Amino acid sequence: STLASKFFDVSPSLIRNLSFWDVEVFAGLIETMSTKSYDLASECLSLGEQTLPTMGREREAFLSLCRTLTESTWREIKACFEVSAKALGEIEESQKGRFIRLAEQLAKGGARDSSAFLVRGSTSLGKVQPSAQQHILDLCETLLTISPQAVNSLLKSLDYVLGRITPAQLDAWFRQGAMLLQDNEEGGLAYFRVESNTSEQVLENLSSSLELDRVKPILLLYCLALTGADVEVTESAELVHKGIGWVSEDRATTEGSRVFLPPMVDLYESKDENFGWYKVVSTHQVAHLEFGSFLFQFDLPSSNFRDKRSERESILFNKDSSVPLSAESDLAESQSDVLWTTDMGRYFALFNDRQLSLDCFTLLEDGRLDNRVMMEYPGIKRIYQRVQTNALEKRPAMMEMPIRQAMVELLVRFSLEQYKGLMIPKGYSKAASVLAKIQRKLRDRESNVEDSAEATLRAYDILSRIPNQEQPPEEWESQDFDE
């Protein structure tokens with residue numbers, strides 16, 4: 001026959017790449033399929049020639065699965081050949097055969113669409129660490145003895161479940177579902193599909209993550225109590241590109257009358273600690289309202305500096321003809337007739353490098369506010385310092401930065417209360433010490449936003465003169481900035 005002739009043609013390739021036992025089993029499979037569909041048998045012969053040599057130890061299990069399918073859903077065999085390479089690519093090498101045997105057991109139990117199971121199951125397993133796949137298959141095999149249908153339910157919901165709880169917590173959630181499944185199969189299946197209140201409640205109890213929606217009313221009252229002003233708490237996605245403050249831009253920020261927070265926090269191992277994080281970040285933001293960040297007045301004196309704003313403006317815009325134009329006279333020429341609509345706009349017009357000045361002001365003002373918060377609200381000091389420490393741990397290494405960027409990073413470290421063991425590029429020790437002194441002046445309880453503005457003028461003058469070039473690793477030294 002044509003099929004026999006085709007098998008004879010491919011047999012050298014099969015014998016070269018497969019064991020004799022596997023060739024014999026495959027030949028028997030094709031023969032059995034030919035009694036059901038000659039065309040399908042021919043297609044599977046071609047597919048087998050391509051896919052079977054790419055398999056390792058799992059080949060025996062795969063052929064066994066196909067033989068099982070010939071007894072019931074033989075039309076699925078072709079699809080299994082077609083998806084096998086991609087599906088098995090998601091599975092850790094030592095677990096491939098076990099995964100296929102699981103599919104075979106489900107098929108023997110009456111499950112249909114084995115190819116779909118191979119695809120969906122492997123996709124779910126592929127999203128967990130290879131070392132965790134063995135344990136997931138342990139759980140699947142446990143469910144197999146109770147209710148085979150539950151295996152599919154578990155694998156389908158696995159990604160969602162592990163997005164809520166850790167792999168270590170999965171066992172506790174699984175045990176609850178297994179007990180329910182034994183008592184009530186329908187309820188147990190809903191549990192593993194995460195379509196029941198019981199399943200959601202167990203996940204909620206086990207999860208250390210905290211969703212903003214669950215604590216938003218409490219945080220709103222907390223912010224109102226701190227400020228006495230009408231504020232709104234909303235998700236940070238609405239202001240994702242503004243990155244104000246030492247809290248990273250995808251975490252939280254603030255803009256006048258609104259406090260922005262991420263939709264979920266899962267930084268710590270308990271809900272209480274994650275709620276503490278929400279409180280710290282909320283406090284950090286409302287401090288801008290409570291302690292006057294948005295009340296800046298250009299002509300209002302600072303408390304701890306000799307004011308230079310008006311002097312700088314006069315030089316820049318040549319308001320006093322006896323004073324020569326500064327090096328930024330090009331900027332002055334283009335902006336001398338501008339009528340500023342805000343004092344802050346008038347202030348930032350003093351700088352040629354707008355981004356550098358904004359970075360300096362933001363970091364110095366944040367440092368002032370954080371210090372003020374810990375003086376005014378000692379009850380939050382412990383968790384506040386912990387959040388700052390965690391933020392420090394995630395900061396990039398200064399030695400990997402260009403010189404000016406590293407010196408700006410120095411202001412970040414100061415705002416996070418790090419004053420010791422800082423890596424400074426050689427030749428810039430004095431500049432770094434002056435920056436530390438400027439920042440420390442803002443730690444006074446009486447300092448205000450105008451002090452931050454004056455501190456920014458001085459820090460900018462230092463940083464703007466520093467080249468933003470790379471520094472060899474041997475050209476860095478550790479420096480402490482003591483009081």
Side-chain angles (χ1 to χ4, degrees), residues 245-246 301-309 311-312 315 326-328 347 350-353 355-375 384-385 388-389 391-483:
W246 51 261
S302 62
S303 299
N304 296 296
F305 292 90
R306 184 180 71 81
D307 293 308
K308 292 185 175 182
R309 279 161 284 162
E311 177 185 333
R312 175 74 69 93
I315 294 173
S326 71
E328 296 175 338
Y347 171 72
L350 303 179
F351 302 96
N352 193 38
D353 189 334
Q355 186 60 55
L356 178 61
S357 64
L358 182 60
D359 288 343
C360 290
F361 180 82
T362 298
L363 294 170
L364 290 166
E365 176 68 356
D366 275 355
R368 178 185 80 87
L369 295 175
D370 289 336
N371 186 69
R372 185 72 180 274
V373 163
M374 286 188 277
M375 285 193 290
Y384 211 98
Q385 289 176 329
Q388 286 185 322
T389 299
L392 268 176
E393 291 171 353
K394 296 175 183 177
R395 297 304 305 173
M398 293 175 65
M399 290 178 62
E400 297 176 0
M401 302 176 182
I403 299 175
R404 184 195 288 177
Q405 185 181 344
M407 297 296 280
V408 173
E409 176 68 19
L410 194 62
L411 294 179
V412 178
R413 305 303 179 94
F414 291 159
S415 74
L416 293 173
E417 302 293 316
Q418 183 184 4
Y419 292 96
K420 294 184 181 294
L422 290 160
M423 298 304 294
I424 306 300
K426 288 183 179 179
Y428 295 92
S429 176
K430 183 176 180 180
S433 295
V434 174
L435 288 174
K437 289 179 181 178
I438 291 171
Q439 195 270 346
R440 279 204 168 97
K441 278 197 170 187
L442 297 175
R443 295 167 66 88
D444 185 278
R445 186 187 290 268
E446 301 303 317
S447 66
N448 51 34
V449 65
E450 286 75 25
D451 285 280
S452 294
E454 289 297 326
T456 297
L457 285 171
R458 291 155 174 82
Y460 176 89
D461 286 344
I462 295 170
L463 294 168
S464 62
R465 294 183 174 92
I466 296 175
N468 203 33
Q469 62 190 30
E470 301 293 334
Q471 185 89 327
E474 65 274 11
E475 293 297 313
W476 295 76
E477 57 188 359
S478 179
Q479 186 172 342
D480 295 339
F481 300 89
D482 299 320
E483 293 282 359

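Quantities reported herein were computed from a predicted structural model and do not represent experimental measurements.
Within the structure, side-chain hydrogen bond (donor to acceptor under 3.5 Å, both in side chains) contacts touching residues 416-429 (residues at least two apart or in different chains) are Arg413-Gln418, Glu417-Arg443, Tyr419-Gln439, Tyr419-Arg443, Lys420-Asp482, Ser429-Gln479. Judged as a salt bridge (Lys or Arg N to Asp or Glu O under 4.0 Å), not a single pair has a partner in residues 468-477 (not counting sequence neighbours).
Asp370 places no side-chain N or O within donor-acceptor distance of the main-chain N or O of Gly367, the cut-off being under 3.5 Å. Listed for the Asp307 side chain is no donor-acceptor partner under 3.5 Å among the backbone atoms of Arg309.
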Check the pair Met423 / Gln471 against side chain to side chain contact (heavy atoms under 4.5 Å, CB included), numbers first and verdict last.
-> CA-CA 12 Å; Met423 298 304 294; Gln471 185 89 327; over 6 Å; no
Going through the distances and angles, do Arg440 and Lys437 end up as a side chain to side chain contact (heavy atoms under 4.5 Å, CB included)?
-> CA-CA 5 Å; Arg440 279 204 168 97; Lys437 289 179 181 178; 5.8 Å; no
Steps toward side chain to side chain contact (heavy atoms under 4.5 Å, CB included) verdict (Asp444, Asp451) = CA-CA 10 Å; Asp444 185 278; Asp451 285 280; over 6 Å; no
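To the nearest 0.5 Å, atoms CG (Asn448) and CD (Glu365) are separated by 9.0 Å. Distance CZ/Arg395 to CE/Met401: 6.5 Å, rounded to 0.5 Å. Considering NZ of Lys394 and CG of Leu416, their distance stands at 12.0 Å, rounded to 0.5 Å.
Contact record, Ser415 with Leu363: CB-O, 3.8 Å, taken as the closest heavy-atom pair. A pairwise comparison of heavy atoms in Pro467 and Ile403 identifies O-CB, 3.5 Å as the closest pair. Nearest heavy-atom pair, Ile462 versus Ala431, reported as atom, atom and distance to 0.1 Å: CG2-CB, 3.8 Å. For the pair Trp476 and Ala406, the tightest heavy-atom approach, listed with the atom from each and the gap, is CH2-CB, 3.6 Å. The shortest heavy-atom contact between Leu463 and Cys360 is CD1-SG, 3.4 Å. Contact detail for Met407 and Ala432: the closest heavy-atom pair is CE-N, 3.7 Å.
When each of Leu442, Leu369, Leu435 is checked for a side chain to side chain contact (heavy atoms under 4.5 Å, CB included) with Leu364, only Leu442 meets the rule. Screening Asp359, Leu350, Asp353 against Tyr460 for a side chain to side chain contact (heavy atoms under 4.5 Å, CB included) leaves a single residue, Asp353.
Here Asp461 pairs with Arg312 under the salt bridge (Lys or Arg N to Asp or Glu O under 4.0 Å) rule; sequence neighbours left out. Residues forming a side-chain contact (heavy atoms from CB on, under 4.5 Å) with Lys308 (at least two apart in sequence, or on another chain): Arg306, Glu454, Leu457, Arg458. With sequence neighbours left out, the side-chain contact (heavy atoms from CB on, under 4.5 Å) criterion links Thr389 to Glu393. A search for side-chain hydrogen bond (donor to acceptor under 3.5 Å, both in side chains) contacts involving Ser357 returns nothing, not counting sequence neighbours.
Taking 4.5 Å as the limit, some side-chain heavy atom of Leu422 sits within range of a side-chain heavy atom of Phe414. For the pair Lys441 and Ser447, the minimum side-chain heavy-atom distance is 4.5 Å or more.
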